[in-house]
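For reference, the structure discussed in these notes is given below.
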Amino acid sequence: MAAKTAFGAMGVRDLQAGLAAKEFTAAEIASATIDRIQQSDKQMHAFLELTADMAASAAKKVDSAIASGKFDEVGALAGIPVGFKDNMNLLGTHTTCSSNMLANYVSPYTATCVEYTLNAGALPVGKLNMDEFAFGSSTETSAFGPTLNPWDFQRVPGGSSGGSAAAVAAGLVPVALGSDTGGSIRQPASFCGIVGVKPTYGVVSRYGVVAFGSSLDQVGPFARSVEDAALALNAISGFDEHDCTSQCVDVDFTANLAEGIKGMRIGIVPEFMEAEGLTDEVRSRITEAAQKLADLGAELVEIELEHAKAAMSAYYVLGPCEAFSNLARFDSVRYGYCDPGHTDLDTQYETSRSKGFGPEARRRIMLGSYLLSSGVYDTYYYPAQQVRTLITQDYEHAFQKVDCILSPVSPRTAFKFGEIGDPAQMYLSDMFTISINIAGNGGMSVPVGLGSQTNLPIGAQLISPAFKDVNMFRVAAALESIYGKAPIAPAFAEKAGE
Ligand code: GLN
């Protein structure tokens with residue numbers, strides 16, 4: 001049998017091949033994974049809660065299926081350890097959204113995306129740290145302390161799904177789920193050097209995932225290979241009657257990974273490549289990636305996204321408005337922290353919400369409340385919706401000319417803790433990712449090597465037309481053939497068995 005610690009470097013296929021060949025059992029995978037997390041995550045702090053018993057009992061089912069010759073029937077993620085962002089309900093676990101508001105909230109049911117993962121035979125190992133209520137790009141807004149970037153503990157892992165990205169990059173789990181409202185899967189994937197997918201809006205149900213911006217939120221996987229991400233997306237996608245935005249998607253996202261990209265038209269957005277704030281090392285990596293895709297037979301086509309520059313402004317109107325509305329339920333009566341110091345209902349709301357929410361959550365709530373107030377609504381919310389339509393049309397026009405778009409994910413590599421204090425500067429982290437949530441297209445981050453200056457991971461963003469996520473997976477596989485699968489962050493490589 002492989003040394004116990006070696007599971008960390010294995011992907012979905014390796015683990016399943018070992019299980020099928022009876023080299024090890026799912027119970028061994030589960031216990032080794034929990035052990036490794038307990039040993040390796042103390043300082044990094046990707047996990048908020050471990051679910052060792054649940055992992056063990058899921059493993060038992062997989063092992064008994066193997067024993068009775070029915071391994072094939074278990075599901076696409078049979079025996080695969082998976083972690084979940086802590087805004088996803090898993091019956092009996094805490095779902096805190098990394099907020100004091102929900103510090104004691106225990107999931108009364110399981111989110112559909114989590115349930116589908118478990119139905120596919122995965123081993124649930126725990127819940128992962130995030131920015132509070134998914135507001136942020138660094139995990140610094142987590143009420144329980146930040147997650148450290150496994151490549152450099154002085155730096156942020158990105159956010160808001162920073163715990164999910166760090167756990168996968170450190171080899172603690174091969175697959176984790178996150179959510180992405182403006183970039184929260186793609187930016188941390190880029191900062192941690194792994195694959196992160198925000199599928200088209202509607203591909204994955206959000207039922208049971210604590211809502212931030214309901215017209216923008218989408219759930220997706222993190223993995224260290226394009227195929228593993230596609231397999232995970234296969235498992236979690238599909239119709240769910242509990243989410244009225246969910247679509248009947250019956251697509252195999254692995255279907256054309258091996259097809260190559262000959263003849264594909266890949267869009268480049270000159271405005272993105274010339275954007276202020278884009279560092280030279282990121283620009284040159286993305287330019288190089290484009291060239292290499294052309295060498296593999298793709299045709300590069302310059303496209304214009306005329307209104308993308310307004311995406312950030314529109315998002316910071318629409319996002320806070322929706323967050324304000326969604327977070328109204330945390331009123332200390334039905335849900336959330338109740339401050340003992342109150343004297344009547346008004347002060348109960350006031351003190352509980354003031355103390356339960358951190359500064360960034362309060363900022364968004366106040367902003368949303370202001371933007372939706374009468375007299376103000378017409379000035380901001382209404383035009384932001386018009387901008388949204390224009391951005392969506394820009395993408396529709398662009399996708400008449402190209403099959404997929406290539407761009408940077410983030411203007412720079414992972415920054416240091418405390419380096420970006422100004423919220424408006426922090427918001428710029430998502431300058432290349434936000435328009436995709438606004439339009440609803442698919443987007444993903446794929447590693448394209450390290451920066452020449454910082455020596456830190458850089459991700460390329462691939463954007464696909466709505467419900468043609470397979471296009472970006474196809475190009476992602478080509479990038480992976482050039483740059484290789486995501487490595488485990490160097491400081492963790494030995495422990496993970498790489
Ligand atoms: N960083 C962006 C924000 O702070 C996006 C967050 C997200 O996608 N959840 O809103």
Side-chain angles (χ1 to χ4, degrees), residues 84-88 97-99 113 128-142 146-147 156-165 176-192 196-199 201 204 206 209-222 277 311-327 357-368 371 384 409-412 414-415 420-445 459 461:
F84 303 101
K85 185 174 181 178
D86 207 31
N87 59 355
M88 297 172 183
C97 290
S98 291
S99 177
C113 60
L128 292 151
N129 199 14
M130 56 186 279
D131 278 295
E132 184 177 9
F133 284 104
F135 303 141
S137 305
S138 65
T139 76
E140 289 170 293
T141 72
S142 168
T147 296
V156 306
S160 64
S161 313
S164 305
L177 299 191
S179 62
D180 187 313
T181 306
S184 277
I185 291 175
R186 290 158 288 163
Q187 185 254 16
S190 172
F191 277 17
C192 292
V197 185
K198 183 212 89 76
Y201 186 77
V204 183
R206 293 93 39 87
V209 180
V210 179
F212 163 178
S214 303
S215 76
L216 304 157
D217 297 342
Q218 193 44 205
V219 169
F222 290 91
M312 185 76 69
S313 313
Y315 174 84
Y316 278 99
V317 173
L318 301 174
C321 288
E322 294 189 20
F324 159 69
S325 158
N326 276 323
L327 269 56
F357 289 125
E360 185 60 28
R362 290 202 301 274
R363 181 176 298 117
R364 308 258 178 147
I365 290 168
M366 284 191 287
L367 190 55
L371 291 167
V409 174
S410 164
R412 52 172 299 180
F415 46 87
I420 305 186
D422 173 15
Q425 283 300 317
M426 187 70 87
Y427 297 168
L428 291 177
S429 298
D430 298 305
M431 60 201 277
F432 301 120
T433 49
I434 272 176
S435 63
I436 291 99
N437 300 74
I438 289 189
N441 305 78
M444 67 192 283
S445 177
Q461 177 168 238

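Whatever order the structure lists ligands and atoms in, that order sets their numbers, starting from 1.
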Of the listed options Tyr315, Tyr427, Phe135, closest to atom 10 (O) of ligand 1 (non-hydrogen atoms): Tyr315

Heavy-atom nearest option to atom 2 (C) of ligand 1, drawn from Asn87, Asn437, Ile434, Asp430: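 Selected option, by shortest heavy-atom distance: Asp430.
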
Residue and atom name of the nearest protein heavy atom (relative to atom 7 (C) of ligand 1), distance in Å to one decimal: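 Nearest neighbour among protein heavy atoms for atom 7 (C) of ligand 1, to 0.1 Å: Ser184 OG, 2.4 Å.
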
Whether [X] side chain and [Y] backbone form a donor-acceptor pair below 3.5 Å:
| X | Y | answer |
| --- | --- | --- |
| Lys198 | Asn441 | yes |
| Arg206 | Ser214 | yes |
| Asp180 | Gln218 | no |

Contact atoms of ligand 1, heavy-atom distance to [X] under 4.0 Å:
| X | result |
| --- | --- |
| Ser160 | 9 (N) |
| Tyr316 | 2 (C), 3 (C), 4 (O), 10 (O) |
| Ala134 | 6 (C), 7 (C), 9 (N) |
| Ser137 | 1 (N) |
| Gly183 | 8 (O) |

Min N/O separation [X] to ligand 1 under 3.5 Å:
| X | answer |
| --- | --- |
| Gly136 | yes |
| Phe212 | no |
| Arg364 | yes |

Does any part of the side chain of [Y], heavy atoms only, come nearer than 4.5 Å to the side chain of [X], both counted from C-beta?
| X | Y | answer |
| --- | --- | --- |
| Phe222 | Ser161 | yes |
| Ser184 | Lys85 | yes |
| Met444 | Val409 | no |
| Asp217 | Tyr201 | no |

Residues Asn87 and Ser179: side-chain donor-acceptor under 3.5 angstrom: yes

Met426 to ligand 1, any heavy atom closer than 4.0 Å: no

Residue-ligand contact Gly319/ligand 1, heavy atom below 4.0 Å: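 Checking ligand 1 against Gly319, which is what was asked, there is no heavy-atom contact under 4.0 Å.
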
Pair Phe415 and Phe191, ring centroids less than 6.0 Å apart: yes

